[in-house]
Amino acid sequence: MGLMVPWMIIMYIIFIYSYLTERQKETAGQSLFAALFSLIFAIITAYTIYVAEYQALKQMRNETTSAKPIDSWFKTYFSKKWQKTIWLSIWMTFLFLVGWALLVGIGEIGIEASGLAMLLSLVINSSIPTILIVIFIISFIMFILFGIIYIMKQYKYIFIPFISLDNSSMKGFKLVAKSRDLTKGHRWEIFVMHLSFFWWFLLIVITLGLASCYVMPYIYLTLAGYYDLINKDVQAAEITHKPEPIQAVILQPHSTY
């Protein structure tokens, strides 16, 4: 629960800053500051999510009795070993999702730009150029298509943080491959599980983020339990289907004398 506090503080600061500067003409310095602050927010968000998922898995296994946010942030997860594990997980997830996210972003920009141009054409009582309609349709298809693919990819790599906790020495691309294998046949189930939290997400919106102190740890614990269940099933299946070691047979020559 305490792990969400730094994230919430920065979220409220960004919201207040955006509200105060909304009606003012933004200078280049303010724009740079807003972009830098958004980057910091994204980094802290990623870090908070991964630390919360690690802590959720530990609690699920009764390896800790409470979240202990101070210990988690400043003692445990700021150690050299954990920094390597956390940032490797974040980097590998980012690396395999950024391309799809860019394509979604291009589609969104195309929709906004062409939509605005068509609106301006209507305002000045001019006919809408066919090229704008074509760009809008293509951009909309790109946004929907690549948005679906992006979501599918997210669920493919959703177990990377948990895998890196269990296998801190595992290399980056092996983390990705193992998450892909573990989620195979279970991605739709995880997606439906997240849909079941719809009303909880709505509660977060209604309470302006305050409910996330309870809701997000609850979601992370559920996901951690799901990972543990699938991982144990896979390990049990590997043991069951593990071939027996072949015993070496030493042939003794028969004496002919």
Side-chain angles (χ1 to χ4, degrees), residues 7 11 35 38-39 41-50 52-54 56-57 86-118 131-165 167 170-202 204-205 212 215-216 219-220 222-227 229-231 233-234:
W7 175 80
M11 183 187 72
S38 297
L39 178 62
F41 176 70
I43 292 172
I44 291 180
T45 298
Y47 191 89
T48 301
I49 289 172
Y50 278 69
E53 288 179 338
Y54 290 147
L57 190 59
I86 291 171
W87 290 114
L88 176 62
S89 301
I90 293 174
W91 169 247
M92 294 312 299
T93 306
F94 172 80
L95 185 65
F96 280 81
L97 290 177
V98 66
W100 300 107
L102 286 173
L103 290 171
V104 174
I106 291 171
E108 183 179 3
I109 292 170
I111 291 172
E112 292 176 357
S114 58
L116 181 61
M118 287 190 291
I131 186 67
L132 287 179
I133 298 174
V134 172
I135 291 174
F136 182 84
I137 293 172
I138 292 174
S139 299
F140 183 77
I141 292 172
M142 278 185 64
F143 180 75
I144 298 297
L145 177 62
F146 292 120
I148 292 172
I149 294 174
Y150 177 77
I151 292 172
M152 290 170 63
K153 294 293 182 182
Q154 271 194 321
Y155 282 97
K156 185 179 286 188
Y157 308 127
I158 200 168
F159 284 158
I160 285 180
F162 302 124
I163 296 168
S164 63
L165 175 64
N167 307 273
M170 187 176 283
K171 301 298 181 183
F173 289 102
K174 289 185 178 179
L175 283 175
V176 173
K178 189 168 177 62
S179 178
R180 188 166 53 234
D181 292 340
L182 281 179
T183 57
K184 189 175 182 181
H186 299 284
R187 291 163 201 163
W188 177 251
E189 296 171 9
I190 301 172
F191 176 71
V192 172
M193 181 194 73
H194 277 143
L195 282 182
S196 69
F197 289 104
F198 172 78
W199 297 109
W200 290 108
F201 287 124
L202 189 61
I204 292 176
V205 175
S212 61
V215 175
M216 297 313 295
I219 294 172
Y220 296 143
T222 306
L223 186 61
Y226 201 82
Y227 160 77
L229 184 65
I230 294 174
N231 194 38
D233 288 345
V234 170

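Throughout, residue positions are numbered sequentially from 1 according to the sequence presented.
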Check step by step if side-chain contact (heavy atoms from CB on, under 4.5 Å) holds for K174 and N167.
CA-CA 10 Å; K174 289 185 178 179; N167 307 273; over 6 Å; no
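- Heavy atoms only, all atoms of each residue included: S139 and G107 are closest at CB-O, 3.5 Å.
- For the pair M142 and L103, the tightest heavy-atom approach, listed with the atom from each and the gap, is CE-O, 3.8 Å.
- Note: T222 OG1 to I190 CD1 = 12.0 Å, rounded to the nearest 0.5 Å.
- Contact annotation: the side chain of Y226 never approaches that of I158 to less than 4.5 Å [non-hydrogen atoms, C-beta and beyond].
- Taking a 6.0 Å sphere around CZ of F140, one finds it holds 12 or fewer heavy atoms contributed by other residues, nucleotides or ligands.
- Looking at heavy atoms from C-beta onward, L95 lies in side-chain contact with M92 at the 4.5 angstrom threshold.
- Using modelled atom types, one side-chain atom of S179 and one backbone atom of K156 make a donor-acceptor pair closer than 3.5 Å.
- Among all heavy-atom pairs drawn from F162 and E53, the shortest one is CE2-O, 3.2 Å.
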Go through the steps to decide whether F173 and F96 satisfy the test side-chain contact (heavy atoms from CB on, under 4.5 Å), and finish with yes or no.
CA-CA 10 Å; F173 289 102; F96 280 81; 3.7 Å; yes
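- For G147 against V104, the heavy-atom pair with the smallest separation is N-CG2, 3.5 Å.
- Residue T183 forms a side chain to side chain donor-acceptor pair (under 3.5 Å) with just one option from H186, R187, R180, and that option is R187.
- Taking CG of L97 as the start and CD1 of I149 as the end, the distance is 12.5 Å to the nearest 0.5 Å.
- Here the CZ atom belonging to F191 is positioned 11.0 Å from the OG atom belonging to S196, to the nearest 0.5 angstrom.
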Hey, mind stepping through L195 and F198 against side-chain contact (heavy atoms from CB on, under 4.5 Å) and telling me if it holds?
CA-CA 5 Å; L195 282 182; F198 172 78; 5.9 Å; no
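- Counting heavy atoms of neighbouring residues, nucleotides and ligands inside a 6.0 Å radius, atom CE of M193 exceeds 12 of them.
- A search for side chain to side chain contact (heavy atoms under 4.5 Å, CB included) contacts involving I131 returns P129, I135, not counting sequence neighbours.
- With rounding to the nearest 0.5 Å, the separation of CG in L57 from CG in L165 is 5.0 Å.
- Of the possible donor and acceptor atoms, none in the side chain of N231 sits under 3.5 Å from a partner among the backbone N and O of Y227.
- Closest of all the heavy-atom pairs between S114 and G110 is OG-O, 2.6 Å.
- Rounding to the nearest 0.5 angstrom, the gap separating the OG1 atom in T93 from the CG atom in L175 is 8.5 Å.
- E108 is linked by a side chain to side chain contact (heavy atoms under 4.5 Å, CB included) to E112, F143, counting only residues two or more places apart in sequence or in another chain.
- In this structure, CE in M216 is found 9.5 Å from CZ in F197, a value given to the nearest 0.5 Å.
- In terms of the ring pair (Phe, Tyr, Trp, His ring centres under 6.0 Å) criterion, Y150 has no residue partners (sequence neighbours excluded).
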